[in-house]
Amino acid sequence: MSTGTSSPALRLEKVTPANVDAALGLRVHPHQERNVAPVAHSLAEAYAFGEAAWPRLILDGDRLVGFLMAFLDLQWSEEDPGDRRSGLWRLNISADAQGEGYGRFAVLSVADELRRRGARQLYATWAPGDEGPGAFYRRLGFRTTGETSGQQVVGVLDLQ
């Protein structure tokens, strides 16, 4: 898979002092708020997890359309220190930018980054149920692993 976006202005950008306020102002649809933590929570986790967190803004030209955070080579379970995984930790697409392909771009961009780093799989977790984003992830080729992480479904995408 490749990002294959038709917009050359569509890109990921690091969170910096110049754009952090815009990032903190990003809002998903109100009915999705129970499915994904706000950007402020994600940035606090990024600080706490250091190099294992990879937070990025999704921009289309100068327009902020979303936020993602990947996890890189993170120890997955306390019981098995050798079980290290990488994947998509958080995906927030602005309420006014949904349905325009930005979520797909974000997932494929993380897949490209993980491939570049030598990963063979991309993991993601999501809220279960009809209101959650499971159908979105399945359309992108994720399959559920049968595991849960907290209250969330765990899915995996093989990176060929």
Side-chain angles (χ1 to χ4, degrees), residues 1-33 35-74 76 84-127 132-143 149 152-160:
M1 266 187 229
S2 134
T3 51
T5 179
S6 59
S7 171
L10 194 54
R11 67 192 186 285
L12 299 183
E13 203 170 277
K14 287 183 178 181
V15 180
T16 66
N19 62 27
V20 70
D21 286 337
L24 293 172
L26 184 85
R27 298 288 181 265
V28 298
H29 277 294
H31 74 275
Q32 295 170 326
E33 290 174 352
N35 293 332
V36 65
V39 173
H41 184 94
S42 297
L43 291 177
E45 287 176 327
Y47 176 81
F49 281 85
E51 294 297 315
W54 195 72
R56 294 294 185 268
L57 300 181
I58 307 161
L59 290 121
D60 190 351
D62 291 333
R63 179 182 173 212
L64 175 62
V65 296
F67 169 86
L68 69 82
M69 188 162 71
F71 58 93
L72 307 171
D73 197 35
L74 190 66
W76 188 256
R84 302 189 74 80
R85 301 182 188 185
S86 297
L88 184 62
W89 192 342
R90 202 68 38 72
L91 179 58
N92 304 59
I93 301 298
S94 178
D96 65 352
Q98 293 189 9
E100 298 179 37
Y102 298 123
R104 177 180 172 78
F105 168 79
V107 172
L108 297 179
S109 294
V110 170
D112 287 347
E113 179 65 21
L114 293 184
R115 257 190 230 96
R116 187 183 72 70
R117 293 171 179 259
R120 306 185 98 162
Q121 294 181 309
L122 184 162
Y123 285 86
T125 61
W126 59 83
F136 164 77
Y137 287 108
R138 283 189 290 282
R139 280 193 305 274
L140 291 176
F142 282 83
R143 67 182 189 287
S149 177
Q152 303 224 327
V153 173
V154 177
V156 64
L157 177 68
D158 292 321
L159 304 176
Q160 307 292 333

Q | Shortest non-hydrogen contact between Ala53 and Ala46, atoms and distance | A | CB-CA, 3.5 Å

**Q.** OG1 on Thr16 to CG on Asn19, rounded to 0.5 Å
**A.** 3.5 Å

Q: Return each pair, listed once, that meets salt bridge (Lys or Arg N to Asp or Glu O under 4.0 Å) where at least one residue sits in residues 44-53; pairs must be two or more places apart or across chains.
A: Glu45-Arg90

Q: Answer with yes or no after comparing the ring centroid distance for Trp126 and Phe136 against a 6.0 Å cut-off, counting only values under it.
A: no

**Q.** Nearest-0.5 Å distance that lies between atom CZ in Phe105 and atom CG in Asp112
**A.** 9.0 Å

Q. Are any of the side-chain heavy atoms of Tyr137 and Leu91 separated by less than 4.5 Å?
A. yes

Q: Only counting residues at least two apart or in another chain, list the ones meeting side-chain contact (heavy atoms from CB on, under 4.5 Å) with Ala135.
A: Arg138, Arg139

Q: Carefully, step by step, assess Val156 and Arg143 under the rule side chain to side chain contact (heavy atoms under 4.5 Å, CB included).
A: CA-CA 6 Å; Val156 64; Arg143 67 182 189 287; 3.6 Å; yes

Pairs of donor and acceptor atoms involving the side chains of residues 61-73, under 3.5 Å and at least two apart or interchain, shall be tabulated with distances.
unit_1: Arg63; atom_1: NH2; unit_2: Asp96; atom_2: O; d: 3.1
unit_1: Asp73; atom_1: OD1; unit_2: Arg84; atom_2: NE; d: 3.4
unit_1: Asp73; atom_1: OD2; unit_2: Arg84; atom_2: NE; d: 3.4

Q. What pairs with Arg116 under side chain to side chain donor-acceptor pair (under 3.5 Å), at least two apart in sequence or on another chain?
A. Glu113

Q) What's the verdict on side chain to side chain contact (heavy atoms under 4.5 Å, CB included) for Leu57 and Leu12, showing C-alpha distance, side-chain angles and the deciding distance? A) CA-CA 5 Å; Leu57 300 181; Leu12 299 183; over 6 Å; no

Q) How close do Thr125 and Ser149 get, heavy atom to heavy atom, and via which atoms? A) CG2-CB, 4.0 Å

Q | Leu43 and Val20: CA distance, side-chain angles, deciding distance, side chain to side chain contact (heavy atoms under 4.5 Å, CB included) verdict | A | CA-CA 9 Å; Leu43 291 177; Val20 70; 4.0 Å; yes

Q | Nearest heavy atoms of Leu140 and Leu157, plus distance in Å | A | O-CD1, 3.6 Å

Q. Are any side-chain N or O atoms of Arg104 and backbone N or O atoms of Tyr102, one a donor and one an acceptor, separated by less than 3.5 Å?
A. no

Q: Not counting sequence neighbours, which residues clear side chain to side chain donor-acceptor pair (under 3.5 Å) with Arg56? List them please.
A: none

(Q) Tell me which one of Val154, Val107, Val153 satisfies side-chain contact (heavy atoms from CB on, under 4.5 Å) with Phe142. (A) Val107

Q | Nearest non-hydrogen partners of Leu114 and Gln121, listed with the distance | A | CD1-O, 4.2 Å

Q: Might you point out which heavy atoms bring Ala127 and Pro133 nearest each other, and give the distance in Å?
A: O-CD, 3.8 Å

(Q) Minimum heavy-atom separation for Ala119 and Leu159, please, with both atom names. (A) O-CD1, 3.8 Å

**Q.** Contact list for residues 23-33, test side chain to side chain donor-acceptor pair (under 3.5 Å), sequence neighbours left out
**A.** Gln32-Gln98

Q. CG of Leu26 to CD1 of Ile93: how many Å apart, nearest 0.5 Å?
A. 8.0 Å

